[in-house]
Protein chains: 2
Amino acid sequence: MEQTLEHARGGALAAALHRAGYKLTNPRLAVLYVLEGGMCHASPQEVYAAGCAVYPTLGLATVYRTLDILTELGLARPSYLGDAAQRFTLHHDHHHYHLVCDACGLITDVDEEALGSVTDEIAGRLGFRARGHYLEIYGVCQRCQSSN
Amino acid sequence: MEQTLEHARGGALAAALHRAGYKLTNPRLAVLYVLEGGMCHASPQEVYAAGCAVYPTLGLATVYRTLDILTELGLARPSYLGDAAQRFTLHHDHHHYHLVCDACGLITDVDEEALGSVTDEIAGRLGFRARGHYLEIYGVCQRCQSSN
DNA sequence: GTCCTAACTGAGAACTATTTTCAAGTAGGG
DNA sequence: CCCTACTTGAAAATAGTTCTCAGTTAGGAC
Ligand SMILES: [Zn+2]
Ligand SMILES: [Zn+2]
Ligand SMILES: [Zn+2]
Ligand SMILES: [Zn+2]
């Protein structure tokens with residue numbers, strides 16, 4: 001278990017936190033480990049549950065605090081994907097969008113450069129200096145269309 | 001005051017509710033009156049406060065329930081525009097997007113047909129049947145750029 | 001290595017937004 | 001005008017998130 005935390009220390013997120021002057025504590029490493037392990041689009045509660053498996057005394061407040069730091073550093077962002085909880089999405093290294101299935105909740109990542117230039121163009125035309133944007137497309141996924 | 005409620009009865013929203021089989025009660029008419037009076041992007045709390053002015057015994061729960069009905073009927077949708085509360089946006093008759101200013105909170109409506117076809121195309125390519133989408137662009141508005 | 005201090009922590013209280021419950025009230029078809 | 005199913009407001013319940021605070025810890029200075 002200590003082993004897994006040490007593994008997280010070598011990740012890109014840990015490096016970014018360290019660069020920004022944040023201490024690399026075990027609770028934070030546990031959160032980073034969970035996120036880098038593929039748990040994208042996770043609610044704070046889900047990250048907390050998974051984090052407890054590698055660091056049992058992890059507190060929920062620390063999960064929220066760590067997710068806030070990642071957001072502040074531009075490494076993640078909150079998304080509202082249908083349910084009440086705000087889910088956090090890692091940027092990995094590029095901004096991406098989501099297709100959200102209304103029926104089964106499936107979230108499909110889409111990486112579409114074209115859209116970025118469209119939004120920039122719209123914003124620019126209105127004198128608005130765009131810093132980022134947020135897009136979700138909702139509907140019914142392929143599997144749910146056939147199985148009904 | 002009774003007069004204002006009667007006025008709301010003649011609106012497009014009231015017609016849609018009636019068509020869907022909902023009763024046109026005074027509390028509902030008060031909410032519709034507020035929304036049609038230009039209070040777009042309003043949080044449930046704000047709708048409640050404004051609604052009390054025309055119908056003093058209005059309850060907050062009824063505001064939530066009425067907004068839910070409008071959402072269900074496709075006449076409005078929730079948006080998360082920076083602050084914690086979910087704000088409701090009337091569709092009027094066309095889907096629109098938002099430019100949200102990080103500095104002053106100004107929300108600018110954008111009606112851009114081009115974007116709809118882009119998102120439909122993306123969804124279609126992935127076998128996804130799009131029902132709608134949700135876009136916010138955030139950054140700094142023109143006024144906040146010059147006054148700093 | 002040891003010390004030191006500011007940064008960080010978990011637990012639980014507090015806070016906020018939203019939903020549910022329920023007894024009482026009402027719209028509107030018959 | 002009468003019913004009755006739908007609707008209501010108030011209050012309680014729930015859920016998500018933030019705050020508080022006393023104790024702990026990372027990591028730079030020595
Ligand atoms: Zn699906
Ligand atoms: Zn994603
Ligand atoms: Zn502004
Ligand atoms: Zn709008």
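In what follows, chains carry the letters A, B, and so on, assigned in the order in which the sequence lines appear, proteins first and then strands, with residues in each chain numbered from 1.
- Look at CG on B:Leu29: it is 9 Å from P on C:dG28, rounded to the nearest Å.
- In this model, the phosphate group of D:dT17 is approached by a side-chain N or O of A:Gln86 to a distance below 4.0 Å at OP1 or OP2.
- Side-chain contact, A:Arg87 with A:Thr89: no donor N or O sits under 3.5 Å from an acceptor N or O.
- When each of A:Leu58 and B:Phe88 is assigned the nucleotide of DNA chain C bearing its nearest heavy atom, the one mapping closer to the 5' terminus is A:Leu58.
- If you take CG of B:Asn26 and C1' of C:dT26, they are 10 Å apart, rounded to a whole angstrom.
- The minimum heavy-atom distance linking A:Arg28 with A:Leu17 is given by the pair CD-CD2, 4.2 Å.
- Between B:Lys23 atom NZ and C:dA27 atom C1' the separation is 5 Å, expressed in whole Å.
- Between A:Arg65 and the phosphate of D:dT17, there is no side-chain N or O to OP1/OP2 separation shorter than 4.0 Å.
- In this structure, the ring of A:Tyr134 has its center less than 6.0 angstrom from the ring center of B:Tyr134.
- In this structure, A:Tyr64 does not reach the D:dT18 phosphate: none of its side-chain N or O atoms is under 4.0 Å from OP1 or OP2.
- In this pair, A:Tyr80 and B:Tyr80 present their aromatic rings parallel. The plane angle is below 30°, not in the 30 to 60° band.
- Rounding to whole angstrom units, CG of residue A:Leu24 and P of C:dA7 are separated by 15 Å.
- Taking atom CZ of residue B:Arg28 and atom P of nucleotide C:dT26, one finds them 14 Å apart after rounding to whole Å.
- Between A:His18 atom NE2 and D:dG28 atom P there is a gap of 6 Å when expressed in whole angstrom units.
- In this structure, CG of B:Leu60 is placed 9 Å from P of C:dT18, rounded to the nearest angstrom.
- For D:dT8, the OP1/OP2 oxygens have a side-chain nitrogen or oxygen of B:Thr25 closer than 4.0 Å.
- Rounded to whole Å, atom P of D:dT8 lies 8 Å from atom OH of B:Tyr55.
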